[in-house]
Amino acid sequence: MINLKNIEEKWQRIWEENKVFETNASNKPKFFVTFPYPYVNGLLHLGHLTTSSRVEFIARFKRLLGYNVLFAQGFHATGSPIIAAAYRLREGEEKIKKELIELMHVNEKEIEKFKDPTYWIEYFVPKAKEAFKKLGYSIDWRREFFTTSLNNHYSKFIEWQYFKLREKGFIKRGKHPVIWDPKVKKVIGDHDRPDDFVGIDYIEGYIIKFKFYYKDKEIILPCFTLRPETIYGVTNIWINPNYEYIIAKVNEEFWLLPNSIVIEEIKNQEKNVEVLEKVDIENVILNFAENPLTKEKVPILPANFVDIEIGTGIVMSVPAHAPYDYIGLIDLTKSENKKYKEVAEKCLKNMKSLFKLEGFSDFPAKDIVEKMKISSQNEKEKLEKATEEIYSKEFYNAFTKEIFGEFSNRKIYEIKNEFAEKLISLTIAEKHYTLPIRFESRYKNKVIVKILSDQWFLDYSNEEWKKLALECLSQMKIIPEIARRNFENSIKILREWAFTHKESLGTPLPWDKEWIIESLSDSTIYMAYYTIAHLIKNIDAEKLNEEVFDFIFLGRGNSKEISKKYGIDEKILEEMRKEFVYWYPMDLRISGKDLIPNHLSFMIFHHAAIFPKEYWPKGVGINGFLLINGEKMSKSKGNFIPILDAIEKYSADILRFLSAYAGNSGLEDLNIELNLAEKIEGYLKEWYNFCIENYNKGREEKEIIDFWFENVIKKIVKEVENEYENLNFKNIIQKAWFELENKFNKYLYSVNIPNREVLNYYIEVRNIILYPIIPHITSEILEKIGKDPLNISWPKVEKIDEGILKSEEYIEFVISDIREILKIKGTNYKEIKIIVANREKLEIAKKIKEEIDSGKNLNELIKKYSDNDVAKRIIKKPKILNYLVEEEFEILSQYKEFLEKVFKCKITIEKEEESNEIKAKDSLPAKPSIVIIF
RNA sequence: GCGGGGGUGGCCGAGUGGUCAAAGGCGACAGGCUCAGAACCUGUUGGCUUAGUGCCUUCGUGGGUUCAAAUCCCACCCCCCGCACCA
């Protein structure tokens with residue numbers, strides 16, 4: 001019994017020893033494929049397998065077609081996840097330790113080392129490489145590299161890239177809100193927060209400045225709101241009586257604020273905040289504040305629902321349109337405090353309707369509170385739901401009333417921004433960012449929204465740049481084409497991108513080294529680096545400056561001068577230029593769909609900015625996410641499977657087969673069915689045995705059925721070739737594995753002993769067309785049958801005999817007909833008589849087919865042939881028109897033996913005009929009369 | 001909300017106007033092979049009906065276009081993904 005793993009090791013050794021995949025610039029046509037370098041914060045898993053294997057399949061396929069193929073692979077370490085994980089480990093977090101030990105198989109003794117972020121790179125890069133090697137990927141490993149400043153050569157390349165972008169004017173500096181830990185002074189991305197708070201983003205709102213007097217001093221009541229347009233409907237202000245409020249000097253004004261995290265947040269949004277004194281809340285409540293727009297005086301009232309950690313901890317009350325505000329007032333009317341009661345009743349009386357909303361009264365908040373039977377402000381869940389419903393209905397459907405003046409009779413979503421801008425220009429409102437829910441970072445501090453004022457941006461909103469990017473996209477092949485719209489949309493909506501961080505791994509921005517270029521931004525044109533990665537190592541990184549890269553990538557200057565000026569070997573310079581010019585542009589990059597709106601779009605932008613058109617990327621292939629046995633992959637579900645584990649368990653060819661079979665290119669999810677592994681192992685071994693046992697056997701003479709099968713193979717080769725080009729690997733397995741095998745079985749069934757030539761053709765061709773997917777076992781087979789697996793090429797198919805395929809379809813059709821009849825008749829028959837329709841009927845059928853093909857209406861045809869019974873019957877069964885053949889009788893005669901085998905009885909074939917059967921006259925073309933004899 | 005993808009038989013999944021009761025795989029059932037099992041092979045796998053090649057129902061729901069709709073158009077319902085500083 002053969003052992004797949006031994007075979008895999010053998011061929012991987014042969015490929016390595018013969019340097020089969022190390023490739024250089026030459027005169028041959030080239031094909032350059034890439035797989036986005038994986039981030040090395042762990043072992044590669046099956047998700048990496050499915051996408052990377054597609055690159056591998058296409059690399060091998062293109063080699064069979066005669067291309068000089070470059071498949072190179074680097075690894076990505078830029079960014080913060082590794083830093084964050086190392087930090088968490090240092091903090092003694094068990095989860096991260098457990099993951100390293102249990103999922104990543106790190107030896108417990110080694111855990112200490114992972115407290116140093118650079119050790120992750122040291123450890124996981126070789127592991128990733130090992131996985132790819134054991135899968136048998138055809139990678140030119142001389143060109144391997146990893147990112148960050150730990151690789152000076154790469155860093156120099158990134159520096160060059162950013163100098164180019166700055167030169168073009170695509171880099172800007174400006175303000176940007178971020179989620180921030182004020183204690184550790186760090187941007188808090190998803191990796192820096194507890195899982196429960198992943199994905200929470202800042203919200204953009206407004207502070208509206210009401211005024212009131214406290215101890216004869218003018219104090220601002222900064223009301224935070226998401227709905228500045230409701231300012232006309234304010235009946236009162238809410239503060240939370242259960243907490244401490246203070247007065248602070250905010251820039252030149254005095255603000256009332258809760259003594260909470262919001263002070264820190266305001267401080268971090270470009271304001272000076274100085275806390276002056278505590279406030280006696282009793283002296284604030286029931287005071288009157290002035291609406292800055294309408295100048296109305298409204299009372300300040302207490303409410304428990306006000307969250308003192310969100311926004312400014314003070315809100316304005318619009319009971320007509322905000323359920324919280326309405327119920328807050330209702331609650332107060334039930335208060336024992338007579339004063340509260342009185343004021344609240346007055347406020348309710350003053351409720352002002354601002355919008356017209358179909359299906360609601362003037363006071364939608366009241367409507368919904370009553371409808372949902374909300375009885376107090378403590379029913380938070382219901383109130384959130386009510387608020388959301390009213391808010392979204394009003395936002396999209398309601399019209400503003402007359403009070404809005406120039407903004408009246410419009411929908412809120414149309415005027416909201418403009419209206420807010422107006423308030424800001426009147427200096428009665430300010431933009432303010434806060435969080436929908438206050439939470440702590442991994443460093444155990446409450447986080448806030450901070451405005452960074454010196455952030456560096458890639459200006460993707462630059463129209464000129466966008467135009468270039470769209471032009472680049474338009475000359476690219478997108479597989480499948482359906483994904484092009486995602487690209488167009490993504491390029492269109494990309495705006496300024498803050499491309500630098502602090503405290504992460506990566507390359508420092510060359511002109512402002514405090515900042516590190518973040519990970520999506522240092523991985524946009526690195527495919528160009530593959531072309532020279534093996535050569536550039538020979539140059540001292542210190543010598544790599546703009547001029548050197550200008551020469552390599554843009555052909556500027558000349559090598560002699562640069563060589564002299566910087567002491568760089570001229571030959572290496574020339575060779576790098578040659579490699580780049582030969583391999584670029586990149587022909588195909590394959591990726592999951594998740595990278596369309598970010599990485600792949602960035603790649604397009606940056607190529608379009610830096611390189612001349614002839615070096616713009618040529619193509620992108622897209623596939624969906626990976627499901628494992630129909631379920632999403634996740635560490636917690638326990639179906640996070642490292643590639644190395646899977647190879648150990650199943651072997652490389654089985655994994656590759658499963659990966660191909662997981663799905664076609666597209667936006668839909670792939671599904672890898674691991675429970676098929678055993679079955680596939682059986683398939684592969686069976687196939688191996690079959691080939692070895694049967695190659696060169698068989699009979700010499702060639703009959704019709706042999707020609708038929710030969711043509712079936714040819715047709716499938718053509719189809720499979722096309723599927724490869726479209727990255728539809730599931731279809732390839734379907735056709736090259738299952739369909740071809742089914743046809744072979746059919747062939748075998750009808751011939752007993754196959755023709756030697758055809759059998760050999762089948763064995764050779766099937767191995768070669770599956771070689772890109774399962775190269776180890778097919779190489780082994782090819783070698784065993786005397787071929788040189790290092791020197792194979794795609795089978796050339798000159799001509800397919802369509803006629804013979806058509807006859808087969810016809811026979812299949814007749815067989816299925818007979819089966820139908822036998823189903824009814826039972827199995828005790830002795831003979832089957834097939835009576836073929838006469839020539840005259842065939843001529844009619846052909847004519848009708850022509851007419852239908854040319855677009856004639858069936859109704860018209862029925863009218864036209866109303867006096868012709870045969871024609872009418874044919875028209876009623878347009879199906880048979882697809883099986884028309886010229887020589888029905890002859891074809892049936894040729895297949896007579898086959899039919900006898902199929903039905904295990906005597907078969908007689910007659911012509912209608914020579915038959916005595918009554919049924920003979922019922923025969924139609926492609927639908928002979930069948931007589932069962934018992 | 002915006003943008004994108006999708007809803008097909010027990011399951012997975014092809015399929016963009018007539019070759020579609022719908023490929024293929026998986027599963028199930030029956031038969032062959034076998035001491036037996038696995039694998040493999042053959043057949044069946046929506047319902048009804050029949051000395052005949054037919055009828056009915058079915059590709060998310062409801063309408064429409066057409067001689068003809070899983071496929072085209074309209075409306076609706078449901079599911080998945082993205083909406084950024086994060087790889």
Side-chain angles (χ1 to χ4, degrees), chain A residues 36 38-39 41 76 78-82 176-179 187 189-192 198-199 201 392 395-396 413 452 455 457-458 460 482-483 485-490 492-501 504 518-521 523 593-599 624-625 627 629-630 632 661 663-664 666-669 671 673 675-676 678-679 682-683 685-686 690 728 730-731 733-735 737-739 742 745 748-749 809 813 816-825 852 856-863 875 877-883 902 919 922-924 926-932:
Chain A
Y39 187 70
N41 63 337
H76 203 198
T78 305
S80 59
I82 288 177
H176 187 63
V178 290
I179 294 179
V187 176
D190 283 345
H191 292 281
D192 299 315
V198 163
D201 203 3
S392 82
F395 187 71
Y396 293 104
Y413 74 87
L452 295 180
Q455 176 59 276
F457 289 96
L458 282 164
Y460 293 131
I482 196 172
R485 292 165 73 174
N486 298 49
F487 277 97
E488 280 166 359
N489 191 253
S490 148
K492 226 169 63 199
I493 66 168
L494 267 171
R495 26 181 227 269
E496 292 85 358
W497 180 270
F499 75 93
T500 54
H501 284 175
S504 66
E518 63 83 41
S519 65
L520 282 171
S521 302
S523 55
K593 64 177 174 179
D594 50 326
L595 297 191
I596 296 174
N598 45 68
H599 164 68
F625 295 124
L627 304 177
N629 299 329
K632 267 190 193 157
Y661 196 42
N664 291 326
L667 298 167
E668 285 178 77
D669 290 344
N671 183 21
E673 295 277 356
N675 44 351
L676 291 181
E678 208 176 309
K679 205 153 192 153
Y683 290 163
K685 288 181 175 172
E686 191 78 19
F690 172 86
N728 288 331
K730 177 159 190 168
N731 289 352
I733 295 290
Q734 203 280 112
K735 287 175 199 283
W737 191 266
F738 295 110
E739 188 179 329
N742 286 346
N745 286 334
L748 202 58
Y749 186 63
E809 278 177 35
F813 189 55
S816 70
D817 234 13
I818 297 174
R819 285 223 164 95
E820 280 293 312
I821 294 160
L822 290 179
K823 249 202 253 177
I824 300 153
K825 304 281 182 191
I852 290 176
K856 267 228 173 102
N857 191 310
L858 288 200
N859 272 0
E860 277 173 49
L861 287 178
I862 288 173
K863 252 179 238 162
I875 295 164
K877 271 188 235 314
K879 193 169 169 178
I880 66 170
L881 297 175
N882 296 295
Y883 297 103
V902 169
K919 295 203 150 295
D922 291 339
S923 61
L924 288 176
K927 202 95 176 144
S929 289
I930 312 291
V931 177
I932 313 285

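Residue numbers begin at 1 in each chain, while the letters A, B, ... track the order of the sequences. Every value quoted in this text rests on a predicted model; they were computed, and no experiment measured them.
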Backbone N/O of Leu676(A) and side chain of Glu673(A): donor-acceptor pair under 3.5 Å: no
Name the nucleic acid region contacted by [X], choosing base, sugar-phosphate or nothing; use a 4.0 angstrom heavy-atom cut-off, strictly under.
X	answer
Asn489(A)	sugar-phosphate
Gly682(A)	nothing
Glu739(A)	nothing
Ile596(A)	nothing
His176(A)	base
Asn664(A)	nothing
Ser521(A)	nothing
Asn675(A)	nothing
Leu924(A)	nothing
Leu494(A)	base
Phe690(A)	nothing

Pairwise distance [atom1]([X]) to [atom2]([Y]) - rounded to 0.5 angstrom:
X	Y	atom1	atom2	value
Glu488(A)	Ile493(A)	CD	CD1	13.0 Å
Arg495(A)	Phe457(A)	CZ	CZ	10.0 Å
Glu496(A)	Gln455(A)	CD	CD	11.5 Å

Counting Watson-Crick and G-U wobble pairs only, both distances under 3.5 Å, name the nucleotide matched with [N], or none.
N	value
A14(B)	none
C35(B)	none
A28(B)	U44(B)
G1(B)	C83(B)

message: Going by the rule side chain to side chain contact (heavy atoms under 4.5 Å, CB included), which residues pair with Ser504(A) if we only count those two or more places apart in sequence or in a different chain?
response: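 Once residues adjacent in sequence are excluded, the partners of Ser504(A) under the side chain to side chain contact (heavy atoms under 4.5 Å, CB included) criterion are Ser80(A), His501(A), Ile516(A).
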[N] versus [M] - spacing of their [atom1] atoms, nearest Å:
N	M	atom1	answer
G15(B)	C72(B)	P	13 Å
A21(B)	G3(B)	P	38 Å
G9(B)	G24(B)	C1'	14 Å
A70(B)	G63(B)	P	15 Å

field: Tyr39(A) and Pro81(A), any side-chain heavy atoms less than 4.5 Å apart
entry: yes
query: Hey, does Ile596(A) have a side-chain heavy atom less than 4.5 Å from the side chain of Leu667(A)?
result: yes
- request: For the residue pair Phe738(A) and Tyr683(A), categorise the inter-ring angle as parallel (less than 30°), tilted (30 to 60°) or perpendicular (more than 60°).
  value: perpendicular
Please determine if a side-chain N or O atom of [X] lies less than 4.0 Å away from the OP1 or OP2 oxygen of [N].
X	N	result
Tyr460(A)	C85(B)	no
Arg485(A)	G5(B)	yes
Lys593(A)	C80(B)	no
Ser80(A)	A87(B)	yes

field: Base A87(B) to side chain Asn41(A), donor-acceptor N/O within 3.5 Å cut-off
entry: no
- request: Name all residues meeting the side chain to side chain donor-acceptor pair (under 3.5 Å) criterion together with Asn664(A); count only those two or more places apart in sequence or in a different chain, and write none if there are none.
  value: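 Counting only residues at least two positions away or on another chain, Asn664(A) forms a side chain to side chain donor-acceptor pair (under 3.5 Å) with Asn731(A).
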message: Nearest heavy atom decides the nucleotide; on that basis, is Ile482(A) or Ile493(A) closer to the 5' end of RNA chain B?
response: Ile482(A)
task: Please figure out whether Phe499(A) or Glu678(A) has its closest RNA chain B nucleotide nearer the 5' end.
output: Glu678(A)
- prompt: Trp737(A) has an atom CH2; how far is it from atom P of G25(B), in whole Å?
  reply: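 Interatomic distance, CH2 of Trp737(A) to P of G25(B): 13 Å.
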query: Side chain of Trp497(A): nearest nucleotide among C40(B), A84(B), A87(B)?
result: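 So the side chain of Trp497(A) is nearest to A84(B).
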message: Of the options G52(B), A87(B), C41(B), whose atoms approach the side-chain atoms of Tyr39(A) most closely?
response: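 Within the option list, the nearest is A87(B).
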What are the atom names and distances for every N/O pair under 3.5 Å that joins the protein to nucleotides 27-31 of chain B?
| residue | atom | partner | partner atom | Å |
| --- | --- | --- | --- | --- |
| G27(B) | OP2 | Lys679(A) | NZ | 3.0 |

